[in-house]
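None of these values were measured; they are calculated from a predicted model.
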Amino acid sequence: MPAHQVYDAVIVGGGHNGLVAAAYLARAGKSVLVLERLRHTGGAAVSTRPFAGVDARLSRYSYLVSLLPPKIVDDLGLRFAVRKRTVSSYTPAVRDGRPTGLLVGGGERRTRESFRRLTGSDAEHTAWQEFYGMTRRVAERVFPTLTEPLPARAALRERVADETAWRTIFEEPIGVAVEERFRDDLVRGVVLTDALIGTFADAHDPSLAQNRCFLYHVIGGGTGDWDVPVGGMGAFTDALALAARTAGAEIATGHEVTALRTDGRTAEVDFRSGTGEAGAGTGADADAGSAPAPGASGGTVAARHVLVNASPEALAALLGDPAPERAEGAQLKVNMLLTRLPRLRDTAVDPREAFAGTFHIGEGYEALATAYAQAASGALPAAPPSEIYCHSLTDPSILGQDLAARGYQTLTLFGLHTPARLFADGDDKAREELLAATVAQLDAHLAEPLADCLATDAEGRPCIEAKTPLDLERDLRLPGGNIFHRPLSFPYAEEDAGGAGDPGRTGRWGVETAHANVLLCGAGAVRGGGVSGVPGHNAAMAVLGR
């Protein structure tokens, strides 16, 4: 139970953003209480052993790091590291009846030769260099602003200082630029995928939801690189929890917040104790669970500030406010353990290179459009697009010594264009059908079936699990399974907009709500989404008046 009845700050939810906020505030001398529903911290950024009797700790939900500012790691003294992937991506294809593919990485010369092998000329590679040179310049200018007070739109535009780049990313559908700059269908698709991660949209969606997703996927670290967390995602959130506790923050797991009341100066937080799954581990070895324990009790604590590391939908429910527009997720997450990497039909590429980066499947430009149209009409995509990578090639520490010595490898698959509306609650049929179709898309480019490479658990079952948006909603309370809590926002203040808890989402730090002492420090804040810690940092800065 909480040690005190009154705190300077109560944080609702012990996901990575809540832990970042807790560590900053405790280091500033504030009394801090974190209330977490589950029996472990970490939220979606956890590692777990999902397969019975198998010593492999997988990043079960979120799995790569791009948006985490080094500033947060340095400020909090985190013992946490990431590693660069040796290859950016590999995309298999069949041209003129022969297996081939596009390898991006391994040096500029090798990348150029791969483009030439696929397309027959250097034109697409030249366009690629020009396009990503532009996005990198945007990244260098925009990424540092994420941990600064929220800039006005005009100020960010001036900082970007490139009207072509601004129009391409911030004003017209990304599909326009993709079609103008590239000719090859496969190359176009590889570019577009960054606009569709967890985002159900067409390349020409007038809402520009795809543009906002694209922006966040190309600005990380000021380079756009997606890095591998050493030890898995749980290593990051364990380091955060340690930093928060060391600074004096109190973290109470198994405590679900049930209501929040505020007059703008002080607040009361009601909670129910004994929630979560008994016996679950920490962020480094966590199992999701939410069933209340028998004999659960509760209580109330008071605070000057409340930081909500949950969705805007959850915030509204706690306050008794009208619910915002319902969010919807659109992804399939698949975790696998293999006894070996499968051989490829394209023998020009070593599987250890192909799977080290992002391995694109069914993500040609037209294939993505077709999959979107099918899902929008209410049908599962016949050829589900997805991307895969092998964590253990870059960081084998997530495997037990015996598994690593025997050459076992992990595979993480992230499927696109699978909105929550396609799955009936409690019905596994759609999940199994989608998983089978997704594996079939991969098998089409393999020289041996994936099933032949899958390890088995202690009970003889294949080591493969799939999570739909509804699974993520059940396990993690992500609204509609949306990994961003709601549609992403551009990282600037909208004119005449409301607080972060409102549709407009503005304020000095982008975390403010309609209540002066209630802040949104989760993915639904402006500049939220992804594993970044940015909303947690910004909410802490707002409390500290910086």
Side-chain angles (χ1 to χ4, degrees), residues 2 7-26 30 32-46 61-62 67-68 72 76 233 236-238 240-241 243-245 249-260 262 267 269 271 275-276 283 286 288 290 301 303 305-319 327 472 475-479 482-486 499-501 505 509-513 515 517-543:
Y7 294 84
D8 291 322
V10 169
I11 298 174
V12 180
H16 80 281
N17 280 306
L19 295 174
V20 167
Y24 270 106
L25 292 174
K30 302 294 184 182
V32 180
L33 171 67
V34 179
L35 294 171
E36 166 55 47
R37 173 180 62 92
L38 300 177
R39 290 295 183 97
H40 60 81
T41 56
V46 294
Y61 304 106
S62 58
L67 290 163
L68 173 65
I72 292 177
L76 302 182
M233 279 299 183
F236 173 49
T237 47
D238 277 355
L240 284 173
R245 286 192 176 102
E250 185 181 341
I251 300 176
T253 58
H255 291 68
E256 179 177 6
V257 173
T258 57
L260 166 60
T262 179
V269 179
F271 61 88
T275 63
S290 60
V301 289
H305 292 90
V306 177
L307 285 65
V308 179
N309 182 203
S311 68
E313 185 177 287
L315 172 59
L318 292 176
L319 289 166
L472 297 187
D475 293 350
L476 302 173
R477 302 275 178 92
L478 298 180
N482 190 302
I483 61 175
F484 306 129
H485 291 187
R486 60 175 169 186
R505 292 184 281 179
W509 285 98
V511 297
E512 294 80 357
T513 73
H515 305 278
N517 63 339
V518 177
L519 303 173
L520 187 66
C521 70
V526 178
R527 303 181 290 188
V531 178
S532 71
V534 168
H537 168 277
N538 293 346
M541 296 305 105
V543 170

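Inter-residue side-chain proximity for L307 and L25 is flagged as met; some heavy-atom pair is nearer than 4.5 Å. Considering only heavy atoms from C-beta on, L260 stays 4.5 Å or farther from V12 through its side chain. You'll find the side chain of V20 stays beyond 4.5 Å of the side chain of C521, heavy atoms only.
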Would I251 and L19 satisfy side-chain contact (heavy atoms from CB on, under 4.5 Å), going step by step from the backbone distance to the final call?
CA-CA 9 Å; I251 300 176; L19 295 174; 3.9 Å; yes
Is there a side-chain contact (heavy atoms from CB on, under 4.5 Å) between L318 and V257 once you walk through the steps?
CA-CA 8 Å; L318 292 176; V257 173; 3.9 Å; yes
Can W509 and L519 be said to form a side-chain contact (heavy atoms from CB on, under 4.5 Å), step by step?
CA-CA 10 Å; W509 285 98; L519 303 173; over 6 Å; no
Run the side-chain contact (heavy atoms from CB on, under 4.5 Å) test on M541 and Y24 for me, step by step, so that the C-alpha distance in whole Å, both residues' side-chain angles and the decisive distance to 0.1 Å come before the verdict.
CA-CA 8 Å; M541 296 305 105; Y24 270 106; 3.8 Å; yes
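Going from atom NE2 of H305 over to atom OG1 of T262 covers 9.5 Å, rounded to the nearest 0.5 Å. Here CG of L35 is found 10.0 Å from OG1 of T253. Values are rounded to the nearest 0.5 Å. Rounded to the nearest 0.5 angstrom, L520 CG and H515 NE2 are separated by 12.0 Å. A distance of 14.0 Å separates CG of L472 from CZ of R477, quoted to the nearest 0.5 Å.
The minimum heavy-atom distance linking V32 with Y7 is given by the pair C-CD2, 3.9 Å. The shortest heavy-atom contact between V10 and A303 is CG2-CB, 3.6 Å.
Under the 30°/60° scheme for interplanar angles, the aromatic rings of F236 and H16 are found to be tilted.
The backbone N or O of L68 lies less than 3.5 Å from no partner atom in the side chain of S532, so there is not a single donor-acceptor pair.
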